[in-house]
Amino acid sequence: MTQDWRTSTRNHLLLNRSRAAVWHPCTQMKQHETLPLIPVARAQGCWLYDFDGRRYLDAVSSWWVNLFGHSHARINAALRDQLDTLEHAMLAGFTHGPVVELSERLSKLAGGKLGHCFYGSDGASSVEIALKMSFHYWRNSGEPLKTHFISLKGSYHGETLGALSVTDVALFKDTYAPLLRTSAQVPSPDWRLAEPGETPRDYALRAARALEAHLQQHHATTAALIVEPLVQGATGMAMYDAAYLTEARALCDRYRVHLIADEIMTGFGRTGTFFAHEQAEVVPDFLCLSKGITGGYLPLSVVMTTDAIYAAFYDDSVTRGFLHSHSYTGNALACRAALATLDIFETENVIGANRQTSAKITAACEAIARHPRVRNFRQHGMIWAFEVDTDDPTFARNFHQRALEKELLLRPIGNTVYFMPPYVITDEEIAQLTRGTRELLDS
Ligand SMILES: *Cc1c(COP(=O)(O)O)cnc(C)c1O
């Protein structure tokens with residue numbers, strides 16, 4: 001007889017059952033013969049708790065989704081209210097208050113230029129939607145040759161087949177290469193690649209020239225360029241100067257190629273402005289959002305686009321329309337969690353408060369930044385990253401494991417350690433995070 005996990009006070013029961021029945025994501029399951037899974041019994045604020053009272057500081061915001069901590073009173077209350085009103089209804093032929101209000105508010109936040117919101121269930125599905133919409137737009141506009149996509153070296157846009165086609169992370173992509181459509185990768189503006197003496201801005205402009213050279217040759221067959229604005233996350237928090245985006249926007253306009261901003265990770269204040277692309281003072285043709293959109297509560301994604309693109313689908317012909325769908329499109333509970341998240345942004349001056357929190361964390365990182373094993377210490381908004389000098393191929397796993405012993409949830413990417421904490425991290429938690437990390441570097 002299996003024991004009810006709700007009443008279990010024993011971690012190991014849940015671990016063994018999880019190993020047997022759950023195929024965990026992004027994981028070689030055999031490694032869990034020696035590395036224990038961490039059972040989460042409950043979570044509050046920046047902390048995850050197991051059944052035995054051990055706790056872990058969620059310094060990666062549970063895979064970059066959480067904004068205001070776990071079990072947030074305002075989001076909880078909004079969800080309870082929504083649960084008693086409408087949990088879900090199909091969005092084809094029907095509509096509801098939360099999805100309408102969310103679309104209107106997101107459009108306003110995006111400067112009023114992206115007035116049409118198409119919903120998906122997770123980040124990768126929003127990338128699929130943007131790629132299909134861009135392709136279909138050109139087809140509807142009498143340019144059926146514009147079928148190819150460009151992304152940056154080291155890009156990450158999700159792992160479904162279309163999204164993986166524009167992703168450039170070998171670990172996730174190489175195995176599936178025969179299944180994927182090829183796309184072109186242009187040099188990343190990642191400032192770590194700058195020559196000595198070259199500023200991040202100079203290097204970003206040089207990378208933009210490479211994009212220009214590609215477009216000059218291939219614009220007639222190119223539908224869109226997809227970028228992660230300012231920070232390329234999954235490749236290891238590569239950061240770059242906003243000048244690249246300004247140039248990319250101008251080049252996309254000149255060569256009639258769409259610009260897709262994948263702000264699945266960078267949106268909702270993570271890079272210091274509400275959307276990262278604001279820092280380049282540009283408007284993309286498509287904006288993909290997910291992760292933080294529900295404050296880290298529920299899966300939801302959205303692709304926002306312009307009147308001009310929307311108009312190319314608006315027709316008497318059914319097949320000129322965008323017939324894409326997901327069963328849970330515009331789920332009412334998820335939309336309501338997103339509305340509660342936007343309420344918090346509006347009433348609590350989150351962007352301003354983050355500026356102070358960010359300065360505090362950077363100051364607390366001083367000893368890390370000048371640690372002899374640390375390279376390329378960098379920060380953008382509420383993201384910090386650095387490389388650790390090591391030739392240990394199992395560094396990421398070992399560091400993760402040792403960090404847990406210090407109550408820290410950290411998941412390095414290769415030898416890149418990063419912090420992406422919930423915005424509500426306290427002074428005491430910042431001290432524990434930076435002190436623990438420094439001690440790990442010392443050992
Ligand atoms: C996480 C992420 C995705 C994929 O989102 P999922 O919800 O994991 O499918 C796509 N693009 C970027 C930039 C991401 O960080």
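Position 1 is the first residue of the sequence; numbering continues from there. Each ligand, and each atom within it, is numbered from 1 in the order the structure gives. In this text, all values refer to a predicted model and were calculated from it rather than measured experimentally.
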Plane angle bin for Trp138 and His258 - parallel if under 30°, tilted between 30 and 60°, otherwise perpendicular: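 Parallel: the ring planes of His258 and Trp138 meet at under 30°.
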Tyr328 and His88 aromatic ring geometry - parallel, tilted or perpendicular at 30°/60° bounds: tilted
Heavy atom of Trp64, distance to ligand 1 below 4.0 Å: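 Trp64: in contact with ligand 1 (<4.0 Å).
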4.0 Å heavy-atom contact, Val127 with ligand 1: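 For ligand 1, residue contact (heavy atoms, under 4.0 Å) with Val127 is absent.
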Are the side chain of [X] and the backbone N or O of [Y] linked by a donor-acceptor pair below 3.5 Å?
| X | Y | result |
| --- | --- | --- |
| Tyr297 | His72 | yes |
| His380 | Ile383 | no |
| Arg54 | Tyr49 | no |
| Ser155 | Leu152 | yes |

Protein heavy-atom partner closest to [atom] - residue, atom, separation in Å:
| atom | result |
| --- | --- |
| atom 11 (N) of ligand 1 | Asp262 OD2, 2.7 Å |
| atom 9 (O) of ligand 1 | Ala124 N, 2.8 Å |
| atom 6 (P) of ligand 1 | Gly123 N, 3.5 Å |
| atom 14 (C) of ligand 1 | Lys291 NZ, 2.9 Å |

Taking 4.0 angstrom as the limit and counting only heavy atoms of [X], give me the atoms of ligand 1 inside it, by number and element.
| X | value |
| --- | --- |
| Asp122 | 7 (O) |
| Glu228 | 13 (C) |
| Met265 | 15 (O) |
| Gly158 | 4 (C), 10 (C) |

Residue part near ligand 1, for His157, under 4.0 Å between non-hydrogen atoms: backbone
CZ (Arg55) with more than 12 external heavy atoms under 6.0 Å: yes
Residues Phe313, Tyr137; criterion ring pair (Phe, Tyr, Trp, His ring centres under 6.0 Å); working and verdict: CA-CA 7 Å; Phe313 292 80; Tyr137 168 88; 7.0 Å; no
